[in-house]
Amino acid sequence: MKIMSWNINSLRLRLPLLTTLLARNRPEIICLQETKVQDTLFPGNDLKTLGYKHLCYKGMKSYNGVCILSTLPFEIPSFNHRWCGKDDCRHIMIRFEYQKNYFHLHNFYVPAGGDVPDPQLNPKFKHKLNFIDEATEWFKLNPQENTILVGDLNIAPLEHDVWNHKQLLNVVSHTPIETNKLLNWMNTGFTDAVRTCILPPEKIYTWWSYRNRDWEKSNRGRRLDHLWISNNLKPSLKAVEIYKEVRNWERPSDHVPITLEIDL
DNA sequence: ATGGTGGGCTACCCA
């Protein structure tokens with residue numbers, strides 16, 4: 001079973017890239033973030049043509065938006081939690097049956113948090129911290145087995161998840177308050193699949209800013225995208241992959257796709 | 001210390 005996560009930064013604009021990607025890799029399930037499309041305009045027929053007949057999506061105009069594309073049928077459990085009291089389309093989950101077992105898959109798009117790393121001065125940063133606190137509480141109250149959690153969590157937790165640890169300690173996405181909160185959230189019952197397969201001090205990045213003349217040469221990346229598995233699935237983990245080459249395709253997203261391979 | 005680019009869409013927007 002292969003599961004992909006990708007912040008696609010506009011699903012409609014990058015449908016051709018997704019098509020190319022899926023011609024080479026055939027994950028059973030794909031989780032996308034920043035689809036930036038409202039549900040009435042969701043390109044469902046195009047995705048079904050690509051072989052992903054089972055779809056769920058939660059989108060809005062211009063911002064955010066998440067979806068899951070699957071070759072396997074699934075259910076959408078009733079889940080009425082409004083994160084931080086908002087309807088801003090940052091989470092979707094499914095339940096699917098595979099080899100006579102049931103699994104849950106969560107797809108998250110955590111708020112980026114703005115520029116100023118101070119919750120008193122910057123409401124976006126406050127929202128980001130509150131969002132993670134709420135998620136942590138929810139997973140504490142609802143301990144998970146047979147669960148996979150993926151998405152753009154907008155935090156690079158470890159020293160070797162950024163191009164320069166010291167220089168980024170006061171930059172949103174790598175401040176100690178965020179990295180501690182992210183690890184606390186993960187410790188509600190999850191294992192970091194990417195870092196289980198690729199150990200520090202090897203650097204891993206999944207995002208490179210658009211604001212560099214040459215992203216590859218400057219290589220100022222961060223690992224903002226994550227693949228977590230509940231601890232009981234750890235023995236089933238096979239491999240992870242970071243599709244760095246996609247950052248060099250024409251009109252790329254600033255994030256690259258990542259996949260998890262697991263023997264469910 | 002600053003500003004750089006890109007997406008959606010016309011907002012002192014978002015990333």
Side-chain angles (χ1 to χ4, degrees), chain A residues 5-21 31-43 46 57-67 83-92 107-119 121-132 150-157 161-164 166-175 178-179 182 205-226 243-258:
Chain A
S5 175
W6 188 22
N7 179 324
I8 195 168
N9 188 13
S10 173
L11 173 56
R12 285 176 295 175
L13 182 74
R14 278 182 249 287
L15 258 177
L17 261 68
L18 185 61
T19 305
T20 305
L21 183 64
C31 297
L32 300 175
Q33 305 89 32
E34 281 205 271
T35 54
K36 295 186 176 177
V37 58
Q38 58 207 102
D39 292 346
T40 50
L41 298 175
F42 190 84
D46 296 297
Y57 39 88
K58 196 186 286 180
M60 60 194 278
K61 199 174 175 178
S62 300
Y63 310 115
N64 311 328
V66 285
C67 70
W83 301 100
C84 298
K86 295 174 188 281
D87 292 311
D88 53 358
C89 309
R90 296 181 177 277
H91 173 243
I92 197 164
N107 178 15
F108 273 98
Y109 174 52
V110 170
D115 289 329
V116 181
D118 182 337
L121 299 175
N122 173 8
K124 290 183 198 166
F125 193 67
K126 187 173 181 184
H127 178 212
K128 182 180 199 176
L129 300 182
N130 288 344
F131 190 100
I132 296 162
V150 307
D152 176 5
L153 306 185
N154 264 317
I155 296 174
D161 293 340
V162 294
W163 66 278
N164 186 320
K166 278 188 182 168
Q167 202 162 323
L168 289 176
L169 275 171
N170 202 32
V171 172
V172 172
S173 74
H174 195 60
T175 64
E178 293 168 86
T179 57
L182 190 75
Y205 312 136
T206 64
W207 172 89
W208 291 262
S209 172
Y210 285 125
R211 300 177 190 181
N212 279 310
R213 189 159 303 206
D214 184 334
W215 73 274
E216 201 165 19
K217 192 177 169 197
S218 57
N219 199 25
R220 297 185 166 192
R222 304 178 202 170
R223 185 170 74 105
L224 304 180
D225 302 276
H226 296 272
Y243 295 90
K244 185 179 172 183
E245 67 275 14
V246 176
R247 188 64 177 78
N248 258 341
W249 291 3
E250 203 175 321
R251 294 197 85 182
S253 167
D254 44 355
H255 295 253
V256 298
I258 56 180

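Per chain, numbering begins at 1; letters A, B, ... match sequence-line order.
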Roughly, in whole Å, what's the span from [atom1] in [X] to [atom2] in [N]?
{"X": "A/Asp115", "N": "B/dC14", "atom1": "CG", "atom2": "P", "result": "10 Å"}
{"X": "A/Leu13", "N": "B/dC9", "atom1": "CG", "atom2": "C1'", "result": "13 Å"}
{"X": "A/Gln167", "N": "B/dA1", "atom1": "CD", "atom2": "P", "result": "12 Å"}
{"X": "A/Asn64", "N": "B/dC13", "atom1": "CG", "atom2": "P", "result": "15 Å"}
{"X": "A/Asn7", "N": "B/dG7", "atom1": "CG", "atom2": "P", "result": "12 Å"}
{"X": "A/Arg220", "N": "B/dT2", "atom1": "CZ", "atom2": "P", "result": "17 Å"}
{"X": "A/Lys61", "N": "B/dC14", "atom1": "NZ", "atom2": "C1'", "result": "15 Å"}
{"X": "A/Glu216", "N": "B/dT5", "atom1": "CD", "atom2": "C1'", "result": "17 Å"}

Just checking, any donor-acceptor pair under 3.5 angstrom between side chains of [X] and [Y]?
{"X": "A/Thr206", "Y": "A/Arg223", "result": "no"}
{"X": "A/His91", "Y": "A/Trp83", "result": "yes"}
{"X": "A/Asn219", "Y": "A/Trp163", "result": "no"}
{"X": "A/Asn9", "Y": "A/Lys36", "result": "yes"}

Spacing of the [atom1] atoms in [M] and [N] (rounded, Å):
{"N": "B/dC14", "M": "B/dT10", "atom1": "C1'", "value": "14 Å"}
{"N": "B/dA1", "M": "B/dC12", "atom1": "P", "value": "29 Å"}
{"N": "B/dC9", "M": "B/dC13", "atom1": "C1'", "value": "9 Å"}
{"N": "B/dG7", "M": "B/dA11", "atom1": "C1'", "value": "14 Å"}

Legend entry - Watson-Crick or G-U wobble partner of B/dC12, both distances under 3.5 Å: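 With both distances under 3.5 Å required, B/dC12 matches none.
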Legend entry - Closest-nucleotide ordering on DNA chain B, the 5'-leading residue of A/Arg251 and A/His255: A/Arg251
Legend entry - Pairwise 5' ranking along DNA chain B for A/Ala112 and A/Tyr210, keeping only the more 5' one: A/Tyr210
Legend entry - A/Ser62 side chain near B/dC9 phosphate (N/O to OP1/OP2, under 4.0 Å): yes
Legend entry - OP1 or OP2 of B/dA15 under 4.0 Å from side-chain N/O of A/Lys124: yes
Legend entry - Distance (rounded to the nearest 0.5 Å) between A/Cys67 SG and A/Leu11 CG: 5.5 Å
Closest to the [X] side chain: [options]?
{"X": "A/Arg12", "options": "B/dG7, B/dA15, B/dC9", "result": "B/dC9"}
{"X": "A/Tyr63", "options": "B/dC14, B/dA15, B/dC9", "result": "B/dC14"}
{"X": "A/Arg211", "options": "B/dC9, B/dG7, B/dG4", "result": "B/dG4"}

